[in-house]
Amino acid sequence: MMLLPVFLAVVLSPAPAETPAEPWQVHAAECQRRKAAGEHAEAGDACRRAFEAVPEGPESFDQRSLLAFSAVRLYKKAYKASNDVAPLCSAVALLRTFEAQLATLPPDDRPADRAGVADALREIEPRIAGMCTDGSSDDLVAVGRPDGKPKTDPPASPAQTSAAVAQPAHPEKTPTTDRPSIRSREHRPFRIAGWTTLGVGLALGGGAIAMLVKGAAMDMQVDSLNATYPAGTMIPHAEAQRFHDLTREGERANDLALGLGVPALALFISGVTLLGIDAHQRRTDRRFAVHPGPAGLRLTMEF
């Protein structure tokens, strides 16, 4: 009979209330949802709100570091997708806020975070120089030009105007006898320059591909680390440091791939163009000569 009252007390007792999520955890979960939906700029804003809402504590800087660099990474993806500098302006504002918070710590504390903030600012600020201005909040707002005025070309000086009028509409043609009718077979500068340029372009292209592969591998490791620690969980210091190092290494590989790929493409096109010019001149540079022969005149043609 004693078991019946105990059973009724357990059944009728109210269930324990669930612990409500903290504000920074709510924003972090929103960041993950928007990131999965491909909304990089909105996900970066949510990560930034989570960064600002992290409570003070001994482990708060680990979580702030993870959220800050996650937001900056999302802002960069938003810039690459839309070519809009507004996400980069928000990234700079967030980095400046985190830099000010790090300045309150001892000088030898969290050197990796300090170096990461400095590297990110050196990378982003030259891209948005003069394109952001202070808004109503601590965010930076992108504008077309610093002074808000359209770009206009300066008026031409009187000397330039007179020179333009004096210049004939069609340049005087030089007689064809002023230039040699054939180039030497031994000296082919276009061919040498073309193969050299093409070889350098292919070498740089190989390096760009290698850097792209490395950057993709780093991004996969970062995404795997994000999946290991879902939104709202505290990240250990060692894992946060690993996330930071992987992010920096992947971004450097992607930037290096871009820096090698653009000149590689330009050199490849230049090399093909030079070889095409050389081949065209080989077909068009001909020399005709008339020589006396045993049966009369003999016509010869040299290439």
Side-chain angles (χ1 to χ4, degrees), residues 24 27-52 63-99 112-113 115-129 131-132 135 138-143 208-232 235 239-262:
W24 75 269
H27 294 311
E30 180 187 0
C31 175
Q32 293 297 326
R33 288 195 303 270
R34 290 187 176 274
K35 177 183 177 182
E39 302 172 354
H40 297 130
E42 293 77 4
D45 292 338
C47 274
R48 180 179 180 179
R49 290 192 293 270
F51 163 84
E52 294 170 346
Q63 196 65 39
R64 289 180 185 179
S65 175
L66 179 62
L67 291 170
F69 289 110
S70 295
V72 171
R73 187 163 173 259
L74 290 167
Y75 283 138
K76 288 181 181 179
K77 288 186 176 180
Y79 168 72
K80 292 179 181 179
S82 63
N83 202 27
D84 183 12
V85 299
L88 294 186
C89 296
S90 300
V92 169
L94 175 58
L95 289 169
R96 289 299 184 190
T97 302
F98 191 36
E99 184 181 42
D113 285 339
V117 170
D119 291 343
L121 288 174
R122 279 196 300 268
E123 175 192 356
I124 298 175
E125 284 185 332
R127 300 182 183 178
I128 60 174
M131 302 181 70
C132 297
D138 59 341
D139 290 337
L140 294 179
V141 181
V143 296
I209 293 174
M211 290 298 102
L212 283 176
V213 173
K214 181 179 179 181
M218 295 297 103
D219 289 342
M220 290 179 61
Q221 294 185 40
V222 170
D223 293 338
S224 175
L225 190 59
N226 282 332
T228 304
Y229 296 94
I235 308 300
E239 294 298 318
Q241 180 66 32
R242 179 166 170 258
F243 172 87
H244 173 69
D245 294 339
L246 289 173
T247 301
R248 289 179 58 192
E249 191 172 355
E251 290 175 354
R252 288 178 179 176
N254 291 332
D255 293 340
L256 186 57
L258 180 62
L260 292 176
V262 172

Undergrad: If you round to the nearest 0.5 Å, how far is SG of C47 from CD of E52?
TA: 11.5 Å

Undergrad: Does the side chain of D45 reach to within under 4.5 Å of the side chain of L74, using non-hydrogen atoms?
TA: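 No; the side chains remain at least 4.5 Å from each other.
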
Undergrad: R252 versus D119: any side-chain heavy-atom pair under 4.5 Å?
TA: yes

Undergrad: Given side chains that start at C-beta, do those of M211 and N254 come closer than 4.5 Å, heavy atoms only?
TA: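 A side-chain contact is absent here, since even the closest heavy-atom pair is not under 4.5 Å.
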
Undergrad: Report yes if the side chains of L121 and E99 come closer than 4.5 Å at any heavy-atom pair, otherwise no.
TA: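 The answer is yes; the side chains approach within 4.5 Å.
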
Undergrad: Rounded to the nearest 0.5 Å, what's the gap from CG on L95 to CD on E125? Could you check?
TA: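 With rounding to 0.5 Å, CG (L95) is 8.5 Å from CD (E125).
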
Undergrad: Under the side chain to side chain contact (heavy atoms under 4.5 Å, CB included) criterion, do E251 and K76 qualify, and how do the steps go?
TA: CA-CA 10 Å; E251 290 175 354; K76 288 181 181 179; 3.0 Å; yes

Undergrad: For the residue pair A71 and G44, what are the closest heavy atoms and their distance?
TA: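 Result for this residue pair: CB-O, 3.7 Å.
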
Undergrad: Which atom pair, heavy atoms only, marks the closest approach of C31 to A43?
TA: SG-O, 3.3 Å

Undergrad: Is any side-chain heavy atom of R127 less than 4.5 Å from a side-chain heavy atom of V85?
TA: no

Undergrad: I124 and Y79: side chain to side chain contact (heavy atoms under 4.5 Å, CB included), yes or no, with the steps?
TA: CA-CA 11 Å; I124 298 175; Y79 168 72; over 6 Å; no

Undergrad: Using a 4.5 Å cut-off on heavy atoms from C-beta on, say whether the side chain of R64 contacts that of F98.
TA: yes

Undergrad: How close do Y75 and S90 get, counting heavy atoms only, and between which atoms?
TA: CZ-CB, 3.7 Å

Undergrad: If I take atom CD from residue E30 and atom CZ from residue R49, how far apart are they, to the nearest 0.5 angstrom?
TA: 5.0 Å

Undergrad: Which pair of heavy atoms, one from R73 and one from T247, lies closest together, and at what distance?
TA: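 Scanning both residues, the minimum pair turns out to be CD-CG2, 3.8 Å.
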
Undergrad: About how many Å separate CD of E249 and CG of D219, when rounded to the nearest 0.5 Å?
TA: 11.0 Å

Undergrad: What closest approach, in Å, do A115 and R248 show between heavy atoms, and which atom pair accounts for it?
TA: CB-NH1, 4.1 Å

Undergrad: Is there side-chain contact between K35 and E42, with heavy atoms separated by less than 4.5 Å?
TA: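 The answer is no, as the side chains (C-beta and beyond) never meet within the 4.5 Å cut-off.
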
Undergrad: Does a salt bridge link R33 with E39, judged by any charged N lying under 4.0 Å from a carboxylate O?
TA: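 No, R33 and E39 are not salt-bridged.
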
Undergrad: Step by step, would you call F51 with L66 a side chain to side chain contact (heavy atoms under 4.5 Å, CB included)?
TA: CA-CA 9 Å; F51 163 84; L66 179 62; over 6 Å; no

Undergrad: Which pair of non-hydrogen atoms, one from A68 and one from L94, has the smallest distance, and what is that distance?
TA: O-CD2, 3.7 Å

Undergrad: Distance from S70 atom OG to R48 atom CZ, nearest 0.5 Å?
TA: 14.5 Å

